[in-house]
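As structure tokens, the structure follows; a few thoughts come after it.
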Protein chains: 2
Amino acid sequence: MTKLGCPMNLAEHTELERALGERLATSGFRFTSQRRHVYDALLQTLDHPTADDVFMRTKRQMPDISHATVYNCLAALVHCGLVRQVQLQRGATRYCPNMERHCHYCCDECGTIFDVTMPAETPTMPSPKGFQVDHYEIAVHGLCANCAGLRKK
Amino acid sequence: MTKLGCPMNLAEHTELERALGERLATSGFRFTSQRRHVYDALLQTLDHPTADDVFMRTKRQMPDISHATVYNCLAALVHCGLVRQVQLQRGATRYCPNMERHCHYCCDECGTIFDVTMPAETPTMPSPKGFQVDHYEIAVHGLCANCAGLRKK
DNA sequence: TCAATAATTGGAATTATTCTAAATAAGGCC
DNA sequence: GGCCTTATTTAGAATAATTCCAATTATTGA
Ligand SMILES: [Mn+2]
Ligand SMILES: [Mn+2]
Ligand SMILES: [Zn+2]
Ligand SMILES: [Zn+2]
């Protein structure tokens, strides 16, 4: 039931699909075409879309997908470590499929989020007693070049 | 119209109030008793309350304050640099009146947020071209001692 | 004291997400 | 391939957090 006419290179597509299936499986999730399409939508444009952005993008390939399913799929992808959830300001949660070590520059005017690769240093900090660290997140807030320019006028 | 019977030391109270008034004024805000009470509520307990927590706490001293006003006051306090807004997970925004340099340890199980003072180093990173940095925020996610203990069983 | 305007208020509206229960689809087994 | 078990999907209702609104009230400066 694989939809043809997909713009992605066939071999590459199959490889990504295989990797996705494997990841899902090791977390006890089933491989569904909804999950594949949602993941595809995330990888197509590496901005940091909201669940609703992902919904609209996925709809183009799979017009009958539901809102609730997009939320479910995103949760599954986050759960099995293929996608990061980012929450830098109030409002809709954003999703980032770039799993490399990076921090986020966030324009507080237009909401654009930039990935910036970080130097591999361990920023040792004294944790609260007994705190079990899972991961950390560095966010730099300010104005993007564009918004900074507009504001000066 | 200052309500008496406040548990806070009188001289100290007056000092905080003066400082608050000054800060508000320099940002073009008026000094209202609602803003004073909201700020008091934030300073009384240095956890990281949600707007609704602040609402309930403020209500004890000022039973007629409205929900909308608490949101307005918090926005004003954030605007004039007396309070930080923190958004570490999905859900209600949290407010932090500790304006010293610190990062946040956030328990993803119970939601508790711990302040940890940071070493005064500048974590130089290559900003995206033209990005105008305002501030940054470091968040460490994981489990607090308590929740980590409960989960092991 | 008075006028101008900023702030407060209760309630309605909006936004983003989660919940629910019925229908459908995956994956393992014969 | 067909069947069974169980996970997933689905539409729509429900919820949570916040913002908006328009009328009232309070603050400030002249
Ligand atoms: Mn990212
Ligand atoms: Mn804090
Ligand atoms: Zn911008
Ligand atoms: Zn905890």
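Note that these values count all heavy atoms, side chains included, but never hydrogens, waters or copies made by symmetry. Predicted model, so just to flag it, every value in this text is computed and none were measured. Just so it is clear: chains get the letters A, B, ... in the order the sequence lines come, proteins before strands, and each one is counted from 1.
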Measure [atom1]/[X] against [atom2]/[N] and give the value in whole Å, please.
X        : N       : atom1 : atom2 : value
Met62(B) : dT9(C)  : CE    : C1'   : 12 Å
Asp64(A) : dA11(D) : CG    : C1'   : 12 Å
Phe31(A) : dG28(C) : CZ    : C1'   : 18 Å
Gln87(B) : dA16(D) : CD    : C1'   : 13 Å
Asn72(A) : dT17(C) : CG    : P     : 13 Å
Arg36(B) : dT27(D) : CZ    : P     : 11 Å
His67(A) : dT20(C) : NE2   : P     : 19 Å
Arg35(A) : dA26(C) : CZ    : C1'   : 11 Å

In terms of side-chain heavy atoms, does [X] have a donor or acceptor partner in [Y] at a distance below 3.5 Å?
X         : Y         : answer
Asp134(A) : His141(B) : no
Thr69(B)  : Asn72(B)  : no
His48(A)  : Asp53(A)  : no

When you look at Gln87(B) and Gln87(A), which way does the side-chain contact (heavy atoms from CB on, under 4.5 Å) test go after all the steps? CA-CA 7 Å; Gln87(B) 190 68 242; Gln87(A) 189 67 245; 3.7 Å; yes

Provide the full list of salt bridge (charged side-chain N to carboxylate O under 4.0 Å, His left out) pairs with a residue in residues 71-88 of chain B, sequence neighbours left out, each pair given once.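 As it turns out, the salt bridge (charged side-chain N to carboxylate O under 4.0 Å, His left out) pairs with a partner in residues 71-88 of chain B, which skip direct neighbours, are Arg84(B)-Glu137(B).
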
Rounded to the nearest 0.5 Å, how far apart are OG of Ser66(B) and CD of Gln34(B)?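 With rounding to 0.5 Å, OG (Ser66(B)) is 8.0 Å from CD (Gln34(B)).
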
Give me the residues of residues 51-58 of chain A where at least one heavy atom lies under 4.0 Å from an atom of DNA chain D, by number, or none.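 Nothing qualifies; none.
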
Given [options], which nucleotide is nearest the side-chain atoms of [X]?
X        : options                   : result
Cys73(B) : dA16(C), dT8(C), dT18(D)  : dT8(C)
Ser66(A) : dA11(D), dT27(D), dT18(D) : dA11(D)
Ile65(B) : dT18(D), dT9(C), dT10(D)  : dT9(C)
Arg30(A) : dT6(D), dA17(D), dT9(D)   : dT6(D)
Gln34(A) : dG27(C), dT10(D), dA26(D) : dT10(D)
Tyr71(B) : dT19(D), dT9(C), dT5(C)   : dT19(D)

Would you mind telling me which residue lines up with the more 5' stretch of DNA chain C, Thr32(A) or Ala68(B), judged by nearest nucleotide?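 Upstream on the strand: Ala68(B).
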
With the threshold set at 4.0 Å, does a side-chain nitrogen-carboxylate oxygen contact exist between Asp47(B) and Arg57(B)?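 Here Asp47(B) pairs with Arg57(B) in a salt bridge, since their nearest N and O are under 4.0 Å apart.
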
With a sphere of 6.0 Å drawn around NE2 of His67(A), does it hold more than 12 non-hydrogen atoms of other residues, nucleotides or ligands?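 Result for NE2/His67(A): enclosed.
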
To the nearest 10°, give me the bend of the helix from dT1(C)-dA30(D) to dC30(C)-dG1(D), comparing the axes of its five terminal pairs at either end.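 End-to-end axis angle for the helix from dT1(C)-dA30(D) to dC30(C)-dG1(D): 40°, rounded to 10°.
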
Tell me whether the side-chain N/O atoms of Thr93(A) come closer than 4.0 Å to OP1 or OP2 in dT17(C).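 Yes, within the criterion.
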
If the cut-off is 4.0 Å, is Arg90(A) near the phosphate of dT18(D), judged by side-chain N/O to OP1 or OP2?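 So the side-chain polar atoms of Arg90(A) do come within 4.0 Å of the phosphate oxygens OP1 or OP2 of dT18(D), strictly under.
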
Which pair of non-hydrogen atoms, one from Gly111(B) and one from Gln89(B), has the smallest distance, and what is that distance?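 Taking every non-hydrogen atom into account, CA-OE1, 3.8 Å.
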
Do side-chain atoms of Arg35(B) reach the backbone of Cys73(B) as a donor and acceptor pair under 3.5 angstrom?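 Looks like no, no N/O pair under 3.5 Å.
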
